Amino acid sequence: MNIKENNITVAEYNILYEKVGWGTREESEVAEALKNTIYSVSIYDASNIIGFGRIIGDKTIFLYIQDVMVDPKYQNRGVGTLIMRNLLKKINEYQSKYPDIRVYLGASKGKEGFYERFGFIKRSVANLGEGMILEGYEE
Ligand SMILES: CC(C)(COP(=O)(O)OP(=O)(O)OC[C@H]1O[C@@H](n2cnc3c(N)ncnc32)[C@H](O)[C@@H]1OP(=O)(O)O)[C@@H](O)C(=O)NCCC(=O)NCCS
């Protein structure tokens, strides 16, 4: 397995996006989204993309982890952990500069336990309101 930072192609992103069951996105949309991404990590088996995750945000007050995805054939083999460790390393860099920076993510249903392993807590546990999403979104 090898790791690349800020290096995923639009095609690779769509390959994984489809493999985890999210469909595919318009190429120009993906290109723009990746361009506006703060940091991304991609994991390869030989030259094949098998995992990905990225950070978006304003770099000072809010960061969001998005699009953590592992090829189903490679799940439960530590790839997701590798992705999260790299994302959290980058987040630590921002935290050391901006200690009050808030780090969010929206877990897919049933994936909350995966993120709890890395220190994320449900908003309800922190006595915060629910996360919300604009109507029209379909999983
Ligand atoms: C969620 C996902 C990224 C996890 O990746 P992965 O490579 O399978 O994770 P790892 O192998 O590193 O798992 C690490 C640990 O978390 C556990 N884990 C994995 N999914 C979990 C879940 N949904 N709930 C609780 N624990 C989970 C594993 O059992 C493993 O435990 P272990 O270390 O005791 O063996 C992967 O399942 C995935 O891509 N799913 C489809 C896309 C998706 O839903 N992404 C999340 C978007 S919010």
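The structure displayed is predicted, hence computed values, not measured ones. Both counts, for ligands and for their atoms, begin at 1 and track the order of listing. Quick note: residue numbers are just sequence positions, from 1.
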* To do: May I ask you to list the atoms of ligand 1 that are less than 4.0 angstrom from any heavy atom of Y115?
  => 46 (C), 47 (C), 48 (S)
* Is K59 close enough and on-axis enough to Y98, meaning under 6.0 Å and within 45°, for cation-pi? -> no
* Quick one: which of R117, E112, Q75, M84 has a heavy atom closest to atom 37 (O) of ligand 1? -> Q75
* Taking atom types as modelled, find out whether N6 and Y39 have a side-chain donor-acceptor pair closer than 3.5 angstrom. => no
* Structure fact -> Within 4.0 Å of some non-hydrogen atom of V79, the atoms of ligand 1 are 7 (O), 12 (O)
* Looking only at distances, please establish whether an N/O atom of ligand 1 is found under 3.5 Å from an N/O atom of V20. => no
* Structure fact -> Between I43 and I83, the two heavy atoms sitting closest are CG1-CG1, 3.8 Å
* Indicate yes or no: does an N/O atom of M69 lie under 3.5 Å from an N/O atom of ligand 1? => no
* Structure fact -> Within 4.0 Å of some non-hydrogen atom of G78, the atoms of ligand 1 are 10 (P), 11 (O), 12 (O)
* Looking at G80, which atoms of ligand 1 are within less than 4.0 Å of one of its heavy atoms? -> 5 (O), 6 (P), 7 (O), 9 (O), 12 (O)
* To do: Scan side-chain atoms only and decide if Y13 and D67 contain a donor-acceptor pair under the 3.5 Å cut-off.
  => yes
* Asked: What do you reckon, does A107 have a nitrogen or oxygen under 3.5 Å from a nitrogen or oxygen of ligand 1?
  -> no
* Asked: Does CD in E27 sit with more than 12 non-hydrogen atoms of other residues, nucleotides or ligands closer than 6.0 Å?
  -> no
* To do: Please round to the nearest 0.5 Å and tell me the distance separating atom CD1 of I65 and atom CG of L87.
  => 5.0 Å
* Is it the case that more than 12 heavy atoms not belonging to R123 sit under 6.0 Å from its CZ atom? -> yes
* Polar proximity ligand 1 side, Y74 side, N/O cut 3.5 Å exclusive -> no
* Which atoms from ligand 1 have a heavy atom of G110 less than 4.0 Å away? -> 22 (C), 23 (N), 24 (N)
* Asked: Is the backbone N or O of V41 less than 3.5 Å from a side-chain atom of N86, with the two atoms forming a donor-acceptor pair by type?
  -> no
* Between W22 and ligand 1, does any nitrogen or oxygen pair lie at a separation below 3.5 Å? -> no
* Are any of the heavy atoms in G106 under 4.0 Å away from ligand 1? -> yes
